[in-house]
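Heads up, the thing below is written out as structure tokens.
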Amino acid sequence: MSESRLRGLLTDIPGIKVGNAADLRVRSGVTAILFDRPAVASVDVRGGGPGTRETDLLDPERTVEAIDALVISGGSAFGLDAAAGVTGWLANQGRGFPVGGMRVPIVPAAILFDLLNGGDKEWADDPPYRDLGRKAAEAAGDIYALGSVGAGTGARTASLKGGLGSASSTVPGTPFRVAALVAVNAFGSAVVGDGPHFWAAPFERSDEFGGLGLPKSVPEDAHAFPARAAPGTATTLAVVATDAILTKAQCRRLAVAAQDGLARALVPAHTPLDGDLVFAAATGHVPLNDPIADTARLGHAAARVLARAIAIGVYQATSLPGVTPMPPGERRFDGLPPAWRDLFGRR
């Protein structure tokens with residue numbers, strides 16, 4: 001697939017499908033990433049407050065070599081149930097690691113915090129996330145929506161509504177492709193000062209998040225630490241994928257390199273207040289020619305793609321139906337701020 005034919009989605013990598021599900025009453029949702037066949041994967045965690053399931057097995061020294069799916073979800077610790085919904089759905093499809101007469105799907109997951117966004121969280125002993133996980137798996141396909149959908153439904157950033165973003169690219173000088181999917185629920189800001197310019201502007205392609213470039217000058221306070229400081233209430237969750245044939249150790253290196261994209265698109269990033277992490281997966285279609293040089297090129301491309309995906313997630317986000325955003329400039333950590341489009345329109 002040439003660069004011009006890429007859709008800007010994680011599913012530009014052959015062998016991947018993505019599905020979203022959300023509950024607008026709860027103001028939360030789930031995104032499921034399914035692999036047509038088990039994929040090699042690893043993870044890099046940089047935030048100080050992660051919430052995860054089955055990520056230990058992604059360490060290169062662990063025995064399990066491949067996974068069936070990944071899940072990113074809202075709901076904080078409650079959202080980890082989403083992976084159970086995806087696991088059950090996959091098992092019913094005959095997918096998973098064979099154990100005796102059973103199949104056990106391998107589904108690592110990570111969650112973001114969206115409990116204080118004003119939605120109805122009175123679910124007693126029956127959180128909705130297992131059901132949302134199953135619905136996200138059922139909905140998985142080649143095309144999926146961006147913005148205030150899936151895991152990005154109730155997401156926010158320091159000053160703007162967060163959302164689900166995605167981007168893809170070929171890797172110059174190689175036969176490979178890379179792509180990223182990200183739920184932006186960041187403690188930091190994706191825009192310079194009060195906007196509308198995105199920190200990721202140098203990496204933008206074809207006006208995919210407004211085509212505004214960087215401002216002529218950066219305000220002195222654009223790098224200031226956000227006034228909204230509530231421990232454990234922010235996380236940016238990303239998945240980067242490639243069609244290259246990689247080992248778990250090489251996937252780990254890809255995830256590490258991709259984290260640079262998160263730092264290029266959000267200010268600040270990787271704080272003790274975030275649960276930031278990046279999953280990396282390889283679907284194993286195209287062999288490496290030079291393991292060191294090709295891995296380096298893939299990592300460089302993944303960082304750029306992830307930076308774009310973060311800006312796209314915020315750019316595509318919309319205010320939720322029936323929700324009155326808090327006034328611009330207000331730095332409360334409860335409720336939801338205005339969407340970029342509420343303030344600046346669609347460029």
Side-chain angles (χ1 to χ4, degrees), residues 1-20 31-36 70 72 136 139-153 155 161-172 174-184 190-191 196 198-213 236-244 254 257-258 260-262 264-266 278-283 285-286 297-318 339-341 346-347:
M1 184 181 293
S2 67
E3 189 79 22
S4 63
R5 296 177 60 192
L6 294 175
R7 297 165 298 194
L9 299 174
L10 193 73
T11 51
D12 285 331
I13 307 302
I16 298 178
K17 291 182 174 59
V18 174
N20 291 316
T31 298
I33 300 94
L34 309 185
F35 301 102
D36 291 348
L70 290 165
I72 55 177
D142 293 333
I143 305 297
Y144 54 92
L146 301 177
S148 297
V149 297
T153 299
K161 177 76 176 64
L164 193 75
S166 199
S168 63
S169 176
T170 57
V171 181
T174 79
F176 310 119
R177 282 171 264 174
V178 294
L181 174 71
V182 59
V184 188
V191 295
F198 288 91
W199 288 111
F203 312 104
E204 185 177 15
R205 296 187 178 182
S206 302
D207 298 342
E208 61 194 350
F209 42 90
L212 300 176
T236 296
L237 305 174
V239 178
V240 296
T242 179
D243 54 358
L254 182 63
D260 289 348
L262 197 151
R264 292 170 186 170
L266 295 168
V278 176
F279 291 109
T283 57
H285 288 84
V286 185
R297 287 178 182 271
L298 285 166
H300 176 56
R304 295 166 65 92
V305 165
L306 180 51
R308 292 167 52 207
I310 289 169
I312 289 168
V314 175
Y315 176 72
Q316 293 282 1
T318 55
W340 189 95
R341 295 184 180 191
R346 187 181 180 107
R347 306 296 176 100

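Position 1 is the first residue of the sequence; numbering continues from there. The structure displayed is predicted, hence computed values, not measured ones.
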For residues [X] and [Y], report the shortest heavy-atom separation together with the two atoms involved.
| X | Y | result |
| --- | --- | --- |
| Ala241 | Leu10 | CB-CD1, 3.9 Å |
| Ala301 | Val178 | CB-CG2, 3.7 Å |
| Val191 | Trp199 | O-NE1, 3.0 Å |
| Gly163 | Ala155 | N-CB, 4.0 Å |
| Phe209 | Ala200 | CZ-O, 3.6 Å |
| Ala183 | Gly152 | CB-N, 4.5 Å |

Please check: side-chain N/O of [X] versus main-chain N/O of [Y], any donor-acceptor pairing under 3.5 Å?
| X | Y | answer |
| --- | --- | --- |
| Arg308 | Ser168 | yes |
| Tyr144 | Leu9 | no |
| Thr31 | Ala151 | yes |
| Arg341 | Tyr315 | yes |
| Arg297 | Thr174 | no |
| Trp340 | Ala317 | no |

Next item on the list: Begin from the C-alpha positions of Phe35 and Leu70 and carry the test side chain to side chain contact (heavy atoms under 4.5 Å, CB included) through to its verdict.
Entry: CA-CA 9 Å; Phe35 301 102; Leu70 290 165; 4.1 Å; yes

Counting C-beta onward and ignoring hydrogens, is there a side-chain heavy-atom pair between [X] and [Y] closer than 4.5 Å?
| X | Y | result |
| --- | --- | --- |
| Thr242 | Arg177 | no |
| Thr236 | Val182 | yes |
| Arg7 | Ser166 | no |
| Glu204 | Phe198 | no |
| Thr318 | Lys161 | no |

Working to the nearest 0.5 Å, report the span between [atom1] of [X] and [atom2] of [Y].
| X | Y | atom1 | atom2 | result |
| --- | --- | --- | --- | --- |
| Leu6 | Asp12 | CG | CG | 4.5 Å |
| Ile310 | Leu164 | CD1 | CG | 11.5 Å |
| Leu181 | Ile312 | CG | CD1 | 11.0 Å |

Notebook entry, point to check: Counting only heavy atoms not in His300, do more than 12 fall under 6.0 Å of its NE2?
Noted result: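 Atom NE2 in His300 is not crowded, with 12 or fewer foreign heavy atoms closer than 6.0 Å.
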
Item checked: Pair Val240-Val305, side chain to side chain contact (heavy atoms under 4.5 Å, CB included): steps then yes or no -> CA-CA 8 Å; Val240 296; Val305 165; 6.0 Å; no

Notebook entry, point to check: Looking just at side-chain N and O atoms, do Thr283 and Asp243 make a donor-acceptor pair shorter than 3.5 Å?
Noted result: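 There is no such pair (donor and acceptor under 3.5 Å, judged by atom type) between the side chains of Thr283 and Asp243.
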
